[in-house]
Amino acid sequence: MGNSQLRNYKDGGRSFRDFQLNHYPGNFSELLTDFGDWIEYTKEINNQIYWINSSSGVKAKMNLNTKVKEKHSYISFVSNDYLGLSHHPAVILAGVEGVIKYGAGACAAPSIGGYLDIHARLEKEIAAFTGQEDALIFSSGFGANSGTLRALLGKNDLALIDSFVHTSVLDGLQSTNIKNIGHNNLEYLELVLKRERRNYKTKMVIVDGVYSQDGDISLLPDIQLLCEKYGAVLYVDDAHGIGLFGETGKGIVEHYNMLGKVDILTGTFSKAFGGIGGFVCTSKKIIQYLRYYANTTVYSAAITPQVTFSIRKALELVKSSRSFKDKLWDNIRYLRTRLTEEKFNIGCSVSPIFPIKINEDSKVRRATSMLLDKGIYVSGIMYPAVRRKDARLRVSVTASHTKEQLEEFVRALISIDNQLLIR
């Protein structure tokens, strides 16, 4: 690495955006070398904040293998296992039962042999839970969005998307027309819907229930009325809301008392249900079509039996007990109160996702590293994952955290602020 390059790294002049194919000036070989040097440099200065190896499950306490310490215990705020069900004894035992009865894997795409009776049962159960007619499950939440949208929208259609939708949504829209409507911008959404009223075969408005970086929620009732007024399909990705929001945990749609009023609802089993996989819940006609045209399930192996058994047990626990959700929201309220008291900027978060907004990439890197030194594992989110000057620590609170762990995190932030000025 040359001196000018090294200086550039030290000055914080590089970001992941600089190494994307369309932004890097050199050829592929030069890109790989330059990127490798940059990653090695972040390791040398103990500033590697991604791809940290763990020797334990992803939960409130984790054993991490960092350059400084191996198998050291950290308080963790990186898990989306909001209800703590991935480690619930009944969920684990259900998975063991699935392995014994069906083997370690389905080992076939669902369309050609991998569709087990337990998959069909899970589809019926998640459809009923969300108040929809039918459901289709996928081996990943990413695949649920990508495959569904690729199948339903083409070159003569229009997707109107919130600025903060997940990358999986964008992946599914590569063959259609896209209009970015900003974030929760009802005025501009109506303007575009009205302007395009007689254009395109299908107009689909795509929003999240809970937004994964800022932790705020969509203005769903108003958006639904606009879709109804202008003849648009309403598509809601509620990956971070299912199991958490609503009186009985049915998600953001129940939170707004709108069960049955959303055309297409997607979500994931990797968060509140503590497993892996995704789902789409909608009308029987759409599901029948997706079974043959959603390429991310047609050409992908089915969810493993163990995971399917565990998910069904987790769903049963969510339906039968409020205790997991109540404990989670007790923790959310506690941490929101403490962070607000200490004047940290958490934006408009109303969920388990807390963005500690710092706004400078270099400070986020240093704060993440300093937290690790204090035994706390938090994700640093920087450009291009978020806009420039919008860098933050992304904190996920779960039902498994103790008040003592939450307080230790707040004290660590205060200590770091004394050195970095992050509030």
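This one's a predicted model, so the numbers in the text were calculated from it and none came from an experiment.
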query: Aromatic rings Y24 and F19: how do their planes relate, parallel, tilted or perpendicular, breaks at 30° and 60°?
result: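 Aromatic pair Y24/F19 classed parallel.
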
Any carboxylate oxygen within less than 4.0 angstrom of a Lys/Arg side-chain nitrogen, looking at [X] and [Y]?
X: D361; Y: R365; value: no
X: E123; Y: R291; value: yes
X: D171; Y: R150; value: yes
X: K313; Y: E316; value: yes
X: K59; Y: D81; value: no
X: K203; Y: E196; value: no
X: K319; Y: E125; value: no
X: K261; Y: E228; value: no

Flag side-chain contact, heavy atom, 4.5 Å: [X] against [Y]:
X: E190; Y: K229; result: yes
X: N177; Y: D157; result: no
X: L220; Y: L234; result: yes
X: D162; Y: V165; result: yes
X: N53; Y: L64; result: no
X: I206; Y: L149; result: yes
X: T297; Y: L136; result: yes
X: K179; Y: I161; result: no

I'd like to know whether V207 forms a side-chain contact (heavy atoms from CB on, under 4.5 Å) with D237, so could you lay out the CA-CA distance, the side-chain angles of the two residues, the decisive distance to 0.1 Å, and finally the verdict. CA-CA 6 Å; V207 299; D237 174 7; over 6 Å; no

So, [X] and [Y]: side-chain donor and acceptor under 3.5 Å apart, yes or no?
X: Y293; Y: N295; answer: no
X: S168; Y: N145; answer: yes
X: Q224; Y: Y256; answer: no
X: K61; Y: S76; answer: no
X: D117; Y: Y102; answer: yes
X: E133; Y: T282; answer: no
X: K250; Y: T248; answer: yes

Exercise: identify the closest heavy-atom pair between [X] and [Y]:
X: G98; Y: P305; result: O-CB, 3.8 Å
X: N180; Y: Y188; result: O-CE2, 3.5 Å
X: K325; Y: G246; result: NZ-O, 3.1 Å
X: A314; Y: F273; result: CB-O, 3.4 Å
X: A272; Y: G243; result: CB-CA, 4.0 Å
X: V280; Y: F138; result: CG1-CE1, 3.6 Å

Exercise. Tell me, with the steps shown, if I75 and F409 meet side-chain contact (heavy atoms from CB on, under 4.5 Å).
Key: CA-CA 8 Å; I75 300 171; F409 170 61; 5.9 Å; no

field: Worked verdict on R322 versus E247 for salt bridge (charged side-chain N to carboxylate O under 4.0 Å, His left out)
entry: CA-CA 9 Å; R322 292 177 52 99; E247 182 66 22; 3.0 Å; yes

Under a 3.5 Å distance rule, please check whether [X] uses its side chain to pair with a backbone N or O of [Y] as donor and acceptor.
X: T296; Y: G143; answer: yes
X: E254; Y: G249; answer: yes
X: S139; Y: S300; answer: no
X: D216; Y: S349; answer: no
X: T130; Y: A127; answer: yes
X: N65; Y: S54; answer: no
X: D238; Y: T266; answer: no
X: K327; Y: A399; answer: yes
X: N184; Y: L219; answer: yes
X: S379; Y: R394; answer: no

query = Please walk me through it: do R392 and D214 pass salt bridge (charged side-chain N to carboxylate O under 4.0 Å, His left out)?
reply = CA-CA 10 Å; R392 80 280 300 273; D214 278 26; 3.0 Å; yes

Would F354 and L339 count as a side-chain contact (heavy atoms from CB on, under 4.5 Å) here? Give the steps.
CA-CA 10 Å; F354 287 82; L339 291 173; 3.9 Å; yes

Could you measure the distance from the [atom1] atom of [X] to the [atom2] atom of [Y]? Nearest 0.5 Å is fine.
X: L193; Y: C227; atom1: CG; atom2: SG; answer: 6.0 Å
X: I112; Y: Y299; atom1: CD1; atom2: OH; answer: 9.5 Å
X: H240; Y: I353; atom1: NE2; atom2: CD1; answer: 5.0 Å
X: I311; Y: I118; atom1: CD1; atom2: CD1; answer: 9.5 Å
X: L158; Y: T202; atom1: CG; atom2: OG1; answer: 10.0 Å
X: L153; Y: I178; atom1: CG; atom2: CD1; answer: 9.5 Å

So, for [X] and [Y], is the gap between ring centers shorter than 6.0 Å?
X: Y211; Y: H183; result: yes
X: W329; Y: F324; result: no
X: F269; Y: F279; result: yes

Requested in this report: Could you please spell out the steps behind the side-chain contact (heavy atoms from CB on, under 4.5 Å) verdict for V236 and D208?
Outcome: CA-CA 5 Å; V236 179; D208 281 8; over 6 Å; no

Exactly one candidate in I264, L173, D263 meets side chain to side chain contact (heavy atoms under 4.5 Å, CB included) with M204; the answer is I264

* **Pi-cation contact, Y334 with K403 (under 6.0 Å, within 45°)** =>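 The answer is yes; both the distance and angle limits are met.
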
*N257, CG: over 12 other non-hydrogen atoms inside 6.0 angstrom*: no

